[in-house]
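Whatever order the structure lists ligands and atoms in, that order sets their numbers, starting from 1. All of these numbers come straight from a predicted model, not from anything done at the bench.
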Amino acid sequence: MARRKIIAGNWKMNMTPSEALALVETLKPLVNNDDVDVVYGVPAIDIVPVVEAVKGTNVKVAAENMYFEEKGAYTGEISPAMLVDAGVSYVILGHSERRGYFYETSEDINKKILKAFEHGLTPIMCCGESLEQREQGITMEWIRQQVKVGFQGVTADQAKTAVIAYEPIWAIGTGKTATADQAEEVCKGIRDCIAEMYDEATADAIRIQYGGSMKASNCKELLAKPDIDGGLIGGASLKAEFGEIVNYNK
Ligand code: PEP
């Protein structure tokens, strides 16, 4: 089955609302590619203006996080219903920065993934190993654990629509990219894990992105790999270069 590529930006904690609108305008003529799904993962405060600004285009908006409760006394958190009402389609969950700086566990991320599906949001679940884990040779074991816990209770039909982003921590924001072979090896390992947890049809349908210093100069080689269905892009999503990545096949 040919999976549709998904190219998503992760703006992280960048772009004030007015800067966000300026970036959307800059990117508007550059991100037209009917062959791929294009997503902007934006800070919470930018969601409403960015959803408005991309109306009528091919771009969908992702939140960078979400809480797993419906509503109530959770100061500072954002609920799934708020995201849906604001026009959000995807939610990035379990980014290594959230796991690392904000102590999110795979169990927390699992609760968020289940809640996202309940509300019709598509989760982009991040996973990835540290340099130490790679050097210890436990990369795949670690990632399989992240995927298994993250997807606990997720049905096959839900998993088919999900996105997993493989992001080696040592490659994020460092300028060091995993080689296309390294990235493919792990993305294939994730697909095999999904096949074991569910079945071949689910493994065939789920989309697996690579993230970690993906840029215009290396995206073609990465996106040519059979198990890499797209990219989650940090630094290069904040500039015109993002348009080159979206148009990697042109
Ligand atoms: C990310 O934060 O998801 C990421 C991949 O960042 P960068 O592209 O800057 O390495």
Side-chain angles (χ1 to χ4, degrees), residues 5-15 19-20 23 27 30-31 36-44 46-47 50 59-66 88 90-102 104 106 109 112-113 116 122-131 133-134 139 142-143 146-147 150 162-180 182-184 186-187 190 207-223 225 227-248:
K5 294 269 200 268
I6 173 166
I7 307 290
N10 174 16
W11 292 6
K12 311 195 184 195
M13 198 175 74
N14 295 295
M15 298 288 138
E19 288 168 346
L23 179 60
L27 293 178
L30 309 174
V31 294
V36 308
D37 289 340
V38 182
V39 179
Y40 295 164
V42 309
D46 296 338
I47 287 173
V50 170
V59 175
K60 299 273 190 256
V61 175
E64 296 178 13
N65 186 27
M66 179 200 89
V88 165
Y90 295 85
V91 56
I92 300 171
L93 294 172
H95 191 281
S96 59
E97 287 152 17
R98 295 223 53 90
R99 293 179 192 256
Y101 299 140
F102 304 102
E104 280 192 23
S106 285
I109 293 152
K112 293 180 178 191
I113 289 176
T122 301
I124 300 177
M125 189 197 83
C126 304
C127 56
E129 81 288 5
S130 65
L131 187 56
Q133 288 169 321
R134 176 158 282 268
T139 296
W142 172 254
I143 286 167
Q146 289 184 316
V147 171
V163 181
I164 295 178
Y166 166 54
E167 300 208 306
I169 297 170
W170 48 271
I172 297 178
T174 57
K176 271 192 209 160
T177 319
T179 65
Q182 281 173 324
E184 167 61 18
V186 178
C187 290
I190 293 170
R207 293 189 290 180
I208 304 173
Q209 298 172 310
Y210 168 78
S213 301
M214 192 188 269
K215 39 192 180 265
S217 58
N218 59 25
C219 66
K220 279 194 179 65
E221 197 189 350
L222 286 158
L223 294 169
K225 292 292 180 185
D227 290 291
I228 302 181
D229 306 317
L232 184 57
I233 294 121
S237 71
L238 300 171
K239 34 192 184 179
E241 182 179 355
F242 188 67
E244 289 182 59
I245 302 174
V246 167
N247 285 288
Y248 76 98

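- With a 4.5 Å cut-off on side-chain heavy atoms, Y40 and V31 count as touching.
- For E19, the side-chain contact (heavy atoms from CB on, under 4.5 Å) partners at least two apart in sequence or on another chain are M15, T16.
- Between S106 and R99 there is a side-chain heavy-atom pair separated by less than 4.5 Å.
- The salt bridge (charged side-chain N to carboxylate O under 4.0 Å, His left out) check on D227 picks up R191, with sequence neighbours excluded.
- Rounded to the nearest 0.5 Å, atoms CD (E167) and NE2 (H95) are 4.5 Å apart.
- For ligand 1, residues of the protein lying within 4.0 angstrom by heavy-atom distance are N10, K12, H95, E167, A171, I172, G173, G211, G212, S213, L232, I233, G234, G235.
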Validation: residues 230-244 side-chain donor-acceptor distances under 3.5 Å, sequence neighbours left out:
{"unit_1": "S237", "atom_1": "OG", "unit_2": "I233", "atom_2": "O", "d": "3.1"}
{"unit_1": "S237", "atom_1": "OG", "unit_2": "G234", "atom_2": "O", "d": "2.7"}
{"unit_1": "E241", "atom_1": "OE2", "unit_2": "A216", "atom_2": "N", "d": "2.8"}

